[in-house]
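Report on one structure; see the data block that follows.
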Amino acid sequence: MDDLVFVGALGITGLCIAAIILLYGAYSVAIMMYTALVSGQFEVILTWGIVILVAGTLYMATGCWLRKTGHI
């Protein structure tokens, strides 16, 4: 039972660390986009907007593909 608790605690710790890293990345991108907006660099905003749209489209396409193949 002690091994199960230890592995569970490690798993939760890993998930928390991953969440912190992802939140820091989102915060950094938001600050960069705000700075670009204030300074008038619309290329940066357009580039990150396209990257976010492509990532969201690929995520949705993967979900549709997995549903069509019967994995989920």
Side-chain angles (χ1 to χ4, degrees):
M1 184 67 177
D2 291 335
D3 292 337
L4 183 63
V5 171
F6 179 71
V7 171
L10 281 179
I12 290 174
T13 303
L15 286 175
C16 289
I17 291 171
I20 289 170
I21 291 170
L22 287 174
L23 286 174
Y24 178 73
Y27 174 76
S28 297
V29 169
I31 292 298
M32 182 174 38
M33 287 182 72
Y34 174 74
T35 304
L37 180 67
V38 169
S39 65
Q41 295 177 345
F42 297 110
E43 306 88 29
V44 175
I45 296 171
L46 184 63
T47 302
W48 276 105
I50 290 171
V51 167
I52 291 169
L53 283 174
V54 167
T57 303
L58 289 174
Y59 183 76
M60 290 185 341
T62 302
C64 290
W65 176 70
L66 286 173
R67 182 174 292 272
K68 185 176 182 179
T69 58
H71 291 343
I72 58 172

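The residues of the chain are indexed from 1 along the displayed sequence.
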Checking Tyr27 against Leu23 for the side chain to side chain contact (heavy atoms under 4.5 Å, CB included) test, could you report, in this order, the C-alpha distance in whole Å, the side-chain angles of both residues, the deciding distance, and whether it holds? CA-CA 6 Å; Tyr27 174 76; Leu23 286 174; over 6 Å; no
Locate the shortest heavy-atom distance separating Gly63 from Ile72; write the atom from each residue and the value. O-CD1, 3.9 Å
If you define the side chain from C-beta out and look only at heavy atoms, does anything of Tyr24 sit under 4.5 Å from Ile21? no
With Val54 as reference, evaluate Ile50, Val51, Thr57 under the side-chain contact (heavy atoms from CB on, under 4.5 Å) test and give the passing residue. Ile50
Do Phe6 and Leu10 make a side-chain contact, defined as non-hydrogen atoms from C-beta onward lying under 4.5 Å apart? yes
Applying the 4.5 Å side-chain criterion to the ILVMFWY set and letting contacts propagate, would Met32 and Phe42 be lumped into a single cluster? yes
Please determine whether residues Leu37 and Met33 belong to a single hydrophobic cluster, defined as Ile, Leu, Val, Met, Phe, Trp and Tyr linked transitively by side-chain heavy-atom distances below 4.5 Å. yes
Value rounded to 0.5 Å, distance of CG in Leu58 from CG in Leu53: 11.0 Å
To the nearest 0.5 Å, atom OH of Tyr34 lies from atom OG of Ser39 at 10.5 Å
